[in-house]
Every structure is written in C-alpha cells, then in structure tokens.
Amino acid sequence: MSAIPPISVMGPAEDPVLRGIVERCPRIVQVASLDALALHLERRVAAEGPTTLDLNGHSTPHNLLRFAGVVVDLFQPEVAAFFSGLSESGVLDRLHVSGVRLLGCHTALGPVAQRTLRRLSRTLRRPVWGTVTGLLKSHYDAEGLNPAFRRLLVEAAGSPVQAASAAGIRMR
C-alpha cells in the first residue's frame with residue numbers, strides 16, 4: 001500500500017452509510033456503472049508513484065462487493081470481461097496502480113469472496129485486498145481508508161482468519 005492517496009471510487013451513495021463515507025472523504029468519486037469507472041480512470045492523470053485503486057461499497061450475503069450497480073463476482077462473465085479489459089487496456093499501469101482494495105464489509109471472508117479476490121488478482125496481475133470486518137465511516141479520513149485500519153485488510157492469497165485474529169477481531 002502506498003503513501004500517495006488512493007484512487008477512491010464508489011457507486012452512487014444511496015444510503016446513510018455510504019453518504020457518511022463520502023462526507024468524511026470528499027476525494028471519493030461516485031460513478032454510476034463499471035463503464036463510468038473505466039471512463040473515470042481513462043481521464044485521470046497518473047499519480048507520482050504507486051497508489052491503490054479502492055472500490056468502495058456494501059457487500060452481499062456472500063461477502064462480494066456491490067459496486068456501481070453490479071456485484072464484483074468474477075464468475076459472472078460480464079464482470080470478468082470488464083476487469084479483463086481494464087487490465088488489458090494498460091490504464092492501471094499508466095496510473096501506477098499497485099493493487100486494488102475491495103472496501104466493503106467482510107469482502108475477504110468466506111470461500112466465495114476468497115475465490116473472487118484470487119481471481120481478480122490474477123486477472124489484474126496485481127495484489128487485491130478485501131476486508132475481515134465491517135467498515136464504518138469512522139474507518140475513513142479525508143484521504144480514504146485511514147491507514148490506521150490497514151490491519152482490517154487481507155490480501156487475496158492471505159488467510160482471513162489469521163488477519164482477523166491479528167487485528168483482534170472475532171470471526172463471525
């Protein structure tokens with residue numbers, strides 16, 4: 001993870017939790033769809049060094065991120081095709097994106113979420129992190145996810161049980 005602020009994006013903030021996150025972190029850009037995310041990334045100026053792409057949203061009962069009207073499930077052909085195209089376009093390399101963080105509740109927990117994190121990491125050819133607990137607006141500051149809460153993240157290849165234990169979180 002980097003000292004340069006992340007590229008923070010979420011779908012429309014349609015409820016009090018997401019609106020609260022946007023209020024705490026005005027840097028978060030809201031997009032209406034995956035196509036709008038791609039357009040936003042294409043138009044961005046590259047960071048001065050490595051940064052992360054943070055996709056913010058709620059999660060499903062299977063702990064998959066709901067983002068901009070879709071569930072980030074790499075077993076859905078249209079979602080897989082979008083992320084494959086994003087990787088092949090070179091935009092993440094141009095923007096110096098060193099990793100992607102799926103910032104929603106428990107996005108690293110459970111077999112479905114873990115498979116999606118691993119598949120997304122392989123597709124994007126860079127690390128992908130999910131969360132081991134619920135996220136609240138208090139986990140954010142003006143730059144995005146407060147670095148003090150990095151312990152709530154686990155990389156796709158990591159163990160969510162070990163990460164949660166290290167963060168002092170009881171698994172549900």
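Just so you know, these numbers use all the heavy atoms, side chains as well, and skip hydrogens, waters and symmetry mates.
To the nearest 0.5 Å, atoms CG (L103) and OG (S8) are separated by 7.5 Å. Annotation: the span from H106 atom NE2 to L64 atom CG amounts to 13.5 Å, rounded to 0.5 Å. Taking OG from S98 and CG from L95, the interatomic distance works out to 11.5 Å, rounded to the nearest 0.5 Å. Once rounded to the nearest 0.5 Å, the distance linking NE2 of H58 with CE of M10 reads 8.0 Å. One finds the CG atom of L153 at 9.0 Å from the OG1 atom of T52 (value rounded to the nearest 0.5 Å). Atom CG of L136 and atom CZ of R24 lie 10.0 Å apart (nearest 0.5 Å).
When hydrophobic clusters are built by joining Ile, Leu, Val, Met, Phe, Trp and Tyr residues whose side-chain heavy atoms come closer than 4.5 Å, directly or via intermediates, V91 is grouped together with I7. The cluster map of Ile, Leu, Val, Met, Phe, Trp and Tyr, joined by side-chain heavy atoms under 4.5 Å apart, puts L92 and L74 in the same cluster.
Of the charged side-chain nitrogens involved, at least one lies within less than 4.0 Å of a carboxylate oxygen, so that R27 and E143 count as a salt-bridged pair. With respect to the salt-bridge test (charged N to carboxylate O, under 4.0 angstrom), the residues D93 and R126 qualify.
Side-chain contact between N146 and H139 is absent, with no heavy atoms from C-beta onward closer than 4.5 Å. You'll find the side chain of N63 stays beyond 4.5 Å of the side chain of T107, heavy atoms only.
Considering all non-hydrogen atoms of both residues, V132 and A108 come closest at CG1-CB, 4.5 Å.
Side chain of E155 to main chain of V128: no donor-acceptor pair is present (N/O by atom type, distance under 3.5 Å, no hydrogens or angles). Q30 places a side-chain N or O within donor-acceptor distance of the main-chain N or O of A13, the cut-off being under 3.5 Å.
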* Verdict with supporting geometry, V70 and F82, side chain to side chain contact (heavy atoms under 4.5 Å, CB included) -> CA-CA 11 Å; V70 300; F82 170 80; over 6 Å; no

* To do: Could you check L37 against L55 for side chain to side chain contact (heavy atoms under 4.5 Å, CB included), going step by step and ending with a plain yes or no?
  => CA-CA 10 Å; L37 169 63; L55 302 180; 4.1 Å; yes

